[in-house]
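Proteins come first, then strands; the chains are lettered A, B, ... in the order of their sequence lines, and each starts at number 1.
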Amino acid sequence: MPLSLLKYGLRRTYPVTGDIAATPDLKPHYDVGIIGGGGHGLACAHYLSSRHGIGSVAVLEKGYLAGGNTARNTTTIRSNYITPQSIAFYKEGVELYGEMAQELDFNVMFSQRGQLTLAHNDSTMRSFHLRAETGKFAGIRAEVVDAGDVRRLCPGLNMDEGGSLEIVGGLWHADGGTARHDAVAWGYAAQAARRGVEIHQRTEVLAIETAGGKATAVVTNRGRIACGQVLIACGGMNYDMGLKAGIEIPIRCYPLQAMVTQPVKPWLHTLVSSVSLHTYLVQSSRGEVVIGGGSDPYQLYATRSTLDMKEQLAAGAVHLFPFIGNLKILRQWAGITDMTPDYSPIMGASPLSNLWLDCGWGTWGFKATPVAGKRLAECIATGRVPDIIKPFALDRFASFSLVNEMGATAASH
Amino acid sequence: MKILRCPMNGPRNIQEFQYLGPVRHAPDPEAASDAEWAAYIFHAENRPGVITEWWRHTASNYVFLAERNIVTNTVVRTFDAWEMEQMR
Ligand SMILES: Cc1cc2nc3c(=O)[nH]c(=O)nc-3n(C[C@H](O)[C@H](O)[C@H](O)COP(=O)(O)OP(=O)(O)OC[C@H]3O[C@@H](n4cnc5c(N)ncnc54)[C@H](O)[C@@H]3O)c2cc1C
């Protein structure tokens with residue numbers, strides 16, 4: 001990757017390379033049909049074609065490539081979750097981000113700058129101690145820091161001394177970082193396309209045909225295709241797609257809102273998050289301050305924004321860094337998040353033997369794009385669910401063995 | 001500002017209300033299987049379209065029902081819980 005970048009930089013001309021072919025006609029049959037051309041579906045297509053030699057794959061995307069939550073997320077990448085099962089899984093995700101640019105020969109701008117979660121009271125500090133110790137045991141970098149360390153890690157932060165939101169310490173996660181969301185999706189798409197995966201944009205799945213405990217075909221607005229295996233990776237529409245296959249996935253949809261300010265010179269190195277303020281911030285490599293993430297208070301399938309939510313986000317950001325009050329909001333948006341009862345994803349087998357689930361990514365799935373893609377490709381290719389994703393099975397609800405991560409995702413990412 | 005019509009207090013700013021989620025029908029505690037209990041606890045209505053849900057007007061602590069389209073976010077109607085009793 002660095003060498004090819006150097007070679008590219010020294011070239012005299014820069015011919016335009018079409019990474020992804022124009023949408024071809026649909027064939028009547030594919031070994032694998034992937035519903036949803038977001039980061040997850042594309043990553044799975046990449047791993048199917050590169051690791052398992054399966055090239056007869058159609059990625060079916062109703063809109064444009066990665067225009068769903070992949071395009072809307074605030075790109076927090078981290079593994080400092082609460083349960084050992086989640087930490088092991090997200091740790092693999094973070095590691096795959098470290099190798100991604102090499103793997104895809106595509107600059108995904110992964111920047112491992114560390115993430116700082118702030119505590120404004122003692123009870124939050126106690127929960128951070130538990131998270132740090134569980135994390136260390138699982139082999140990730142997570143430690144509790146005091147107010148002095150917070151000040152050093154994050155100069156310019158309003159410590160609110162003596163105030164009701166005084167910062168008493170934090171959880172420092174040196175493995176945390178961000179990556180360029182579009183690059184991640186395009187990188188996977190370009191690699192998969194190079195190996196013969198067909199990417200069908202503006203191809204909406206309208207129905208899933210089933211017979212004898214299997215999914216037999218997928219009906220789209222451009223025709224019907226028979227599929228050996230099917231993966232559901234539809235982001236905010238996962239619940240609805242599940243229904244099309246006769247499966248009721250325990251998901252409720254809520255919009256999640258975010259926004260960015262105009263660019264300013266680099267000042268904020270770390271990712272900063274406050275659970276009490278329901279706000280987190282990161283400065284993008286363009287200099288914009290990305291501010292997330294407020295979930296709407298009631299269920300909705302809509303990507304509209306509301307002034308209430310933007311005001312709440314702005315208030316949190318201005319509290320943490322008062323100078324942000326002088327900045328203008330450049331863009332604002334929302335995505336439909338598919339929330340699960342325990343704030344963990346639903347991955348792996350479904351009641352249909354050849355239909356696989358990559359669902360329930362809610363407000364937290366961008367960081368899992370590579371690991372979910374890799375592990376679901378393994379499911380599809382071998383027919384077996386790898387141990388690392390077994391805790392996230394759909395049937396955990398019927399057996400009351402939840403993977404509760406509500407506490408680690410309360411700041412909505 | 002979005003307005004919700006409270007059956008008791010009339011049209012109010014939606015920020016005065018608390019969302020209590022879709023109506024769930026509890027299984028018979030004597031007869032329900034584990035699977036039915038799990039479904040009751042973890043599955044909530046989320047079909048694109050009109051759903052029936054509980055809301056609370058916070059200031060008056062009045063709990064009522066609404067039929068709302070969760071795709072268009074239009075409220076079809078709001079009504080008092082006794083109507084629900086009568087519908088059974
Ligand atoms: C505001 C916001 C901030 C977020 N911040 C973070 C964060 O900081 N860190 C993090 O880890 N996660 C974050 N997330 C969550 C993250 O964005 C998602 O979990 C992740 O991007 C899911 O990827 P995906 O590929 O599964 O889904 P998507 O990217 O949504 O892709 C699904 C695709 O399926 C397509 N589709 C839907 N229905 C059909 C159909 N019928 N036929 C064909 N195609 C269909 C859609 O058009 C879409 O492109 C955030 C989400 C939002 C909304």
Under 4.5 Å from any heavy atom of chain A - which part of Arg47(B): both

Which one of Gln299(A), Arg252(A), Met237(A) has the most heavy-atom pairs closer than 4.5 Å to chain B? Gln299(A)

Given Arg68(B) and Glu53(B), is the side chain to side chain contact (heavy atoms under 4.5 Å, CB included) satisfied, shown in steps? CA-CA 8 Å; Arg68(B) 186 174 58 94; Glu53(B) 52 196 15; 2.5 Å; yes

Part of Gln15(B) lying under 4.5 Å from any heavy atom of chain A: side chain

Counting only heavy atoms closer than 4.5 Å, note whether Ile251(A) contacts chain B via side chain, backbone, both or neither. both

Find the distance between CD1 (Ile232(A)) and CD1 (Ile208(A)) and round it off to the nearest 0.5 Å. 4.5 Å

Taking Cys253(A), Ser399(A), Ala302(A), Ala398(A) one by one, which has the highest count of heavy-atom pairs under 4.5 Å against chain B? Cys253(A)

What distance separates Trp361(A) CH2 from Met347(A) CE, expressed to the nearest 0.5 Å? 4.0 Å

Side chain, backbone, both or neither: which part of Ile41(B) has a non-hydrogen atom closer than 4.5 Å to chain A? side chain

Correct closest heavy-atom pair for Tyr298(A) and Trp55(B) would be CD2-CH2, 3.5 Å

Check: Phe42(B) and Asp342(A) side chains under 4.5 Å, non-hydrogen atoms: no

Test item: side-chain donor near acceptor, Thr72(B) and Thr74(B), under 3.5 Å: yes

So what's closer than 4.5 Å to chain B heavy atoms on Leu307(A): side chain, backbone, both or neither? neither

At a 4.5 Å cut-off on heavy atoms, which part of Pro341(A) comes close to chain B: side chain, backbone, both, or neither? side chain

